[in-house]
Amino acid sequence: MNLTENAKQNFETLFGVSPAQSDLAKTDPEFFSNYVNFTFDEVIADSKLELQERLLIILASLVAIPALSEYKTILNAALKNGVSPIAIKEILYQATPYVGMGKSIDFITATNEIFKAHHITLPLEAQSTTTRENRQEKGLETQRELFGEAIDKGNANTPKDYQHIRRFLSANCFGDYYTRTGLELQFRELLTFVYILSMGGADSQVKAHVAGNIRIGNDRAKLIAVVTALVPYIGYPRSLNALSAIDAIAPLS
């Protein structure tokens, strides 16, 4: 096993053990060397994200892929490195309208088991800020903040037989989730970009949320840093699709 010093150090910081202690280091040393050198040296050097932010972004991506086994591994590392349990739960909750309830419940259940093993008391402090009466209005306000007048135009032009889906989007996706505390709105929109690019097959939505991110203050450099951090987890086709969306909406000036 031939690892760079940066890869060894970053691996040990994240997991608290030497890379040599990994089962993969023993069973698949060539694969493991490639994986660790790339993920924990090259990618970190070029993405330059702060550790806790990077861990939250990776967790969000792993939910969307979905990759439950690696999620559990990174979750334990995130807790070891001081990532807030509330922030972790908010990533899972906000993923729900994007990846679907079937996926999110599996990850919430697995997270609860790991939280209990770390002696984290459940349920966590409530983060909801809306009611059944105002969730649609508050969600629509958030949509307008992220996407401007395009939201009202889209709602007005939606065929009558599925206008209810647009109401769902405002009330449920944005009203129930985006309005919660525990994460800032700017980071929530960054996470949505992560969910959609990690899922694949929703290129128009990736572009829409590139635009939302630019509008809320996550610039081209930030979005490229996020894609860079995710390359080992999502692979090159989805990474390149995300970069094409960034080029289309926020080209290099």
Side-chain angles (χ1 to χ4, degrees), residues 39 53-79 83-118 120 122-124 126-128 130 135 139 142-143 146 162 164-180 182-183 185 187-210 212-213 226-227 229-239 241-242 245:
T39 305
E53 180 182 35
R54 177 162 54 87
L55 288 168
L56 289 170
I57 285 167
I58 291 169
L59 287 173
S61 178
L62 294 171
V63 172
I65 290 172
L68 184 57
S69 177
E70 185 68 3
Y71 172 87
K72 293 177 182 179
T73 299
I74 299 298
L75 175 56
N76 278 298
L79 293 171
V83 175
S84 161
I86 287 177
I88 292 166
K89 270 295 177 78
E90 289 306 307
I91 283 175
L92 295 170
Y93 288 8
Q94 188 170 320
T96 302
Y98 297 99
V99 306
M101 188 70 71
K103 291 181 184 176
S104 65
I105 286 180
D106 284 346
F107 283 85
I108 289 170
T109 301
T111 299
N112 288 343
E113 293 173 356
I114 290 173
F115 277 11
K116 290 174 184 177
H118 283 261
I120 296 168
L122 297 172
L124 301 179
Q127 303 296 317
S128 178
T130 59
R135 58 201 274 270
T142 301
Q143 287 178 288
L146 292 170
Y162 63 85
H164 62 285
I165 302 297
R166 299 286 295 202
R167 293 197 301 272
F168 289 173
L169 191 63
S170 295
N172 177 241
C173 180
F174 288 89
D176 287 342
Y177 296 104
Y178 263 83
T179 59
R180 293 171 61 84
L183 294 173
L185 177 61
F187 191 66
R188 287 186 181 276
E189 180 59 9
L190 191 65
L191 289 175
T192 298
F193 172 67
V194 170
Y195 300 138
I196 297 173
L197 74 90
S198 300
M199 290 166 58
D203 292 347
S204 64
Q205 293 298 310
V206 175
K207 288 181 180 179
H209 284 279
V210 169
N213 271 281
V226 167
V227 176
L230 295 180
V231 170
Y233 302 96
I234 64 175
Y236 288 98
R238 292 177 183 181
S239 299
N241 284 346

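- Residues forming a side-chain hydrogen bond (donor to acceptor under 3.5 Å, both in side chains) with Tyr195 (at least two apart in sequence, or on another chain): none.
- Atom OG1 in Thr130 sits 10.5 Å away from atom OH in Tyr177 (nearest 0.5 Å).
- In this structure, the side chains of Phe107 and Val99 stay at 4.5 Å or more apart for every pair of heavy atoms.
- Applying the side-chain hydrogen bond (donor to acceptor under 3.5 Å, both in side chains) rule to Arg54 yields no partners; only residues at least two apart in sequence or on another chain are considered.
- Tyr98 places a side-chain heavy atom less than 4.5 Å from the side chain of His209.
- Donor-acceptor pairing under 3.5 Å is recorded for the side chains of Tyr71 and Thr111.
- No donor-acceptor distance shorter than 3.5 angstrom exists from the side chain of Glu189 to the backbone of Leu146, with no hydrogens or angles considered.
- Side-chain contact between Ile165 and Leu169: absent, with no pair of heavy atoms (C-beta onward) separated by less than 4.5 Å.
- To the nearest 0.5 Å, atom CD1 of residue Ile234 and atom CD1 of residue Ile58 are 11.0 Å apart.
- Contact annotation: the side chain of Met101 never approaches that of Ile108 to less than 4.5 Å [non-hydrogen atoms, C-beta and beyond].
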- Message: Set out, in order, the CA-CA distance, both residues' side-chain angles and the distance that settles salt bridge (charged side-chain N to carboxylate O under 4.0 Å, His left out) for Glu90 and Arg188, then state yes or no.
- Response: CA-CA 9 Å; Glu90 289 306 307; Arg188 287 186 181 276; 2.8 Å; yes
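- Considering all non-hydrogen atoms of both residues, Ala110 and Lys72 come closest at CB-CE, 3.8 Å.
- Side chains of Leu191 and Leu183 form a contact here, defined as non-hydrogen atoms less than 4.5 Å apart.
- Taking CG of Leu75 as the start and CD1 of Ile114 as the end, the distance is 4.5 Å to the nearest 0.5 Å.
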- Item | Lys103 and Leu68: CA distance, side-chain angles, deciding distance, side chain to side chain contact (heavy atoms under 4.5 Å, CB included) verdict | CA-CA 10 Å; Lys103 291 181 184 176; Leu68 184 57; over 6 Å; no
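- Between the OH atom in Tyr233 and the CD1 atom in Ile65 there is a gap of 9.5 Å [rounded to 0.5 Å].
- Distance alone, capped at 3.5 Å, is enough to place a donor-acceptor pair between the Gln127 side chain and the Gly182 backbone.
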- Task: Could you please spell out the steps behind the side chain to side chain contact (heavy atoms under 4.5 Å, CB included) verdict for Phe193 and Ile57?
- Result: CA-CA 10 Å; Phe193 172 67; Ile57 285 167; over 6 Å; no
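- Using a distance-only test at 3.5 Å, with no hydrogens or angles considered, no donor-acceptor pair links the side chain of Asp203 to the main chain of Ala245.
- The shortest non-hydrogen separation linking Ile120 to Pro85 is CD1-CG, 3.8 Å.
- The aromatic rings of Phe168 and His164 sit perpendicular, their planes meeting at an angle over 60°, well past the 30° parallel limit.
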- Message: Using side chain to side chain contact (heavy atoms under 4.5 Å, CB included), reason through Asn172 and Thr96 one step at a time and then give a plain yes or no.
- Response: CA-CA 10 Å; Asn172 177 241; Thr96 302; over 6 Å; no
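- Note: Thr142 OG1 to Phe174 CZ = 8.0 Å, rounded to the nearest 0.5 Å.
- Contact record, Ala78 with Leu55: CA-CD1, 3.8 Å, taken as the closest heavy-atom pair.
- For Ser61 (side chain) and Ser198 (main-chain N/O), no donor-acceptor pair under 3.5 Å exists by modelled atom type.
- With rounding to the nearest 0.5 angstrom, the OG1 atom of Thr73 is 10.5 Å from the CG atom of Leu59.
- Side-chain contact between Asn76 and His118 is present, with heavy atoms from C-beta onward closer than 4.5 Å.
- Side-chain contact between Glu53 and Leu190 is present, with heavy atoms from C-beta onward closer than 4.5 Å.
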